[in-house]
Amino acid sequence: MKNIRQTLSTIGKMLSPLKKSIPSIFLIFIFLLIDVYCNLTLPSYTADIVDVGIQNTDFNYIISVGTMMMTMVLIGVLATIALSYFSSKVSAAYGRDLREISYEKILKFSNFELNKISRSSLITRNTNDVYQIQIFLGLLFTTILFAPILGIGSIIKAMELGTDLLWIIVVTFASVAILLGIIFIRTVPYFKVMQELIDKINQTSREILMGMPVIKAFIRQDYEEERFEKTNEEFKEVNLHVFKTLFLMIPAMTMILNVMIVLILYFGAYDAINGKILTGTIIAFIQYSTQIVISFLMLGGFTIMIPRILVSGRRVGEVLNTEISISDGPIDKIDENPTIEFKNVGYSYPGSEKETLKDISFKLEKGKTTAIIGGTGSGKSTILNLIPRLQDVTEGQILVNDKNIKEYKLSTLRERISYTPQKAILFQGTVRSNMQVGKEDATDEEIEKALNIAQVDFIESLDDEVTQGASNFSGGQKQRLSIARSIMDKRDFYLFDDCFSALDMNTEAKVKENLKDLKESSSILIISQRISTIMDADEIIVLDEGKIIDKGGHDYLYKNCDIYKEIVSSQIERSEDLIYDNEETASFTIDSSSIKKAAGGK
Ligand SMILES: Nc1ncnc2c1ncn2[C@@H]1O[C@H](COP(=O)(O)OP(=O)(O)OP(=O)(O)O)[C@@H](O)[C@H]1O
């Protein structure tokens with residue numbers, strides 16, 4: 001029952017874009033009926049010309065019936081043109097709208113849903129699958145609805161001719177049905193495989209294109225070529241099997257049609273000699289029989305397409321019906337000077353038995369800078385992602401002003417937060433358009449101010465191009481642009497996920513100095529592996545294997561937390577820019593011009 005309801009709801013959602021096109025669909029039906037009517041009258045006119053006009057050598061009759069035939073042909077052609085125009089219009093608009101609603105839904109997906117369906121599959125579903133449905137809709141209006149109306153009309157007209165030859169149509173019908181059955185059985189199971197292989201090709205190509213520098217550096221071209229070839233070959237084999245069978249249909253059908261005509265002529269000739277039927281009637285009967293068989297064929301072709309469309313429909317429907325795991329709460333207002341508090345938070349990634357975060361508690365508040373330091377994979381980014389609810393806690397809770405974060409509307413929550421991810425993500429466009437992602441109506445002055453704070457001194461103007469993936473900028477430049485974007489607008493919480501890592505010490509020190517103003521009216525959470533980035537934070541959280549080992553100021557941790565001390569020591573040994581001033585206070589300053597190591601010979 002639940003399944004039926006879900007299927008109906010999916011169909012409802014998928015058909016909803018057609019609502020706007022109802023007037024055009026109505027016109028399609030009108031033109032379709034006109035077209036079928038014209039097609040049905042032509043064989044009768046042929047019969048009249050042969051049986052009356054030619055039989056009686058009545059030229060006037062032939063010309064007048066011929067003129068009627070020409071008029072019908074003309075009206076039929078105009079109706080076909082109008083039919084094609086409106087069905088293309090409706091199906092193209094439908095494709096656009098379906099892509100749009102599916103895309104809107106995808107934009108609401110959390111990481112969990114994105115990983116569940118996979119990004120490559122989402123691309124194929126939103127392009128190839130929607131296109132298959134769009135093409136099908138076009139065919140539905142021009143061919144599939146046309147076929148049964150023409151077929152039924154032709155059967156009635158053939159019966160009206162009053163011949164004994166109807167059994168030939170029945171035999172032909174049966175032969176076509178057997179042929180279609182064979183084709184159906186041989187192709188249908190492969191359609192799902194075909195769509196899955198398109199996903200796989202998409203995924204492999206994407207991975208290879210993204211990983212090009214690594215592939216080249218490690219001389220893996222041959223291996224990757226082979227990997228791609230394997231999927232490509234599999235796709236070719238399935239395609240070949242399906243199309244070999246489908247192409248068999250054309251010669252087989254031509255043969256069945258020709259045999260039908262020969263049978264009609266053979267048995268019709270007997271009846272004609274015996275005076276039971278006129279020559280023109282035989283010609284009209286052949287024409288109606290051909291129309292009947294062709295209509296049946298069109299329907300057969302459509303039946304073969306159905307499984308493929310069902311696969312595409314199911315795949316798009318799955319996107320539209322996916323339950324979003326992260327949804328809005330009822331509260332749409334957050335009071336001034338909000339706080340965010342982690343209370344015994346735990347997190348496990350879906351499908352993973354390992355707990356990534358365990359018993360995490362800390363508080364973010366106005367005027368305070370909190371930092372998280374810890375080894376790779378210790379769970380730092382996971383903590384950060386929980387704040388704008390890119391994923392939800394699996395244990396404990398996060399409170400915003402003492403209320404569970406899930407009780408707030410997502411947009412209400414997110415508009416208070418600025419998030420700078422670990423990997424600088426910029427969009428194709430200009431520097432200005434990227435900065436306006438941070439503040440839609442930002443003026444040039446505001447943008448320039450943010451760029452200055454983030455030390456973006458490498459661009460000529462705000463109109464400088466940002467190519468796809470910002471490939472025309474270096475890693476450190478991308479990070480600076482990404483930081484600038486995150487400070488475009490005033491927010492209560494600024495979250496920086498290791499986004500200073502590609503900056504040289506000098507630039508980092510300048511950016512950090514410039515960011516100090518933010519702290520007065522906001523709260524800053526900064527993740528880094530570098531001591532120099534986080535050492536002056538009000539509270540530093542030391543994370544190890546998803547657990548908080550200790551927290552406090554730099555001096556406190558240096559004296560009391562072994563892991564923190566180890567990190568500090570290891571970085572002093574490596575660093576040429578840190579100057580360890582005083583072992584007692586364990587404080588550092590940054591000076592790129594000199595190298596100095598102190599503290600017990602370190
Ligand atoms: N999508 C995911 N599915 C399953 N496990 C994941 C996923 N993302 C991260 N993890 C796991 O969660 C753990 C914490 O990852 P996280 O990215 O939070 O670490 P991190 O401390 O930020 O690491 P780094 O300093 O390298 O960025 C890792 O062990 C990682 O394997």
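When a ligand or atom number is given, it counts from 1 through the structure's own listing order. Nothing fancy with the numbering, it's 1 onward along the sequence.
Salt bridge annotation for Arg315-Asp199: present, with a cationic side-chain nitrogen under 4.0 angstrom from a carboxylate oxygen. Contact check on Glu539 versus Lys363 returns no salt bridge, with no Lys/Arg side-chain nitrogen under 4.0 Å from an Asp/Glu carboxylate oxygen. Salt bridge annotation for Glu113-Lys116: absent, with no cationic side-chain nitrogen under 4.0 angstrom from a carboxylate oxygen.
Applying the 6.0 Å contact sphere to NZ of Lys490 captures more than 12 heavy atoms from other residues, nucleotides or ligands.
Residue-level proximity to ligand 1 for Thr376 is carried by backbone and side chain together, each with a heavy atom below 4.0 angstrom. Contacts of Ser352 with ligand 1, taken as heavy-atom pairs under 4.0 Å, are absent altogether.
Listed by number with element, the atoms of ligand 1 under 4.0 Å from a non-hydrogen atom of Lys354 are 29 (O). Listed by atom number, the atoms of ligand 1 under 4.0 Å from Thr382 heavy atoms are 14 (C), 15 (O), 16 (P), 18 (O). Remark: ligand 1 atoms within the under-4.0 Å shell around heavy atoms of Gly375 are 21 (O). Those atoms of ligand 1 with a heavy atom of Gln529 less than 4.0 angstrom away are 25 (O).
Taking the six-membered ring where the residue is Trp, Tyr347 and Tyr349 present perpendicular rings, their angle passing 60° and hence far from 30°.
Each of Thr356, Asp497, Leu386, Ile372 was checked for a side chain to side chain contact (heavy atoms under 4.5 Å, CB included) with Ser381, and the lone residue meeting it is Asp497.
Any N or O atom pair closer than 3.5 Å counts here, and Lys380 shares at least one such pair with ligand 1. In terms of polar-atom proximity, defined here as any N/O pair under 3.5 Å, Asp498 makes no such contact with ligand 1.
In terms of protein heavy-atom proximity, atom 17 (O) of ligand 1 is closest to Ser381 CB, 3.7 Å. Counting protein heavy atoms only, atom 28 (C) of ligand 1 is closest to Gly377 O, 3.8 Å. The nearest heavy-atom contact from the protein to atom 13 (C) of ligand 1 is Thr356 CG2, 3.5 Å. At the shortest separation from atom 27 (O) of ligand 1 among protein heavy atoms lies Gln422 NE2, 2.8 Å. Atom 2 (C) of ligand 1 has Tyr349 CD2, 3.4 Å as its closest protein atom, hydrogens excluded (heavy atom only).
A distance-only check finds no donor-acceptor pair linking the side chain of Lys439 to the backbone of Ile487 [under 3.5 Å].
Nearest heavy atoms, Ile383 versus Leu543: CD1-CD2, 3.9 Å.
Note that atom 30 (C) of ligand 1 has no protein non-hydrogen atoms nearby, at separations under 4.0 angstrom.
Between Asp550 and Ile563, every side-chain heavy-atom pair lies at or beyond the 4.5 Å cut-off.
Distances shorter than 4.0 angstrom do not occur between any heavy atom of Gly374 and any atom of ligand 1.
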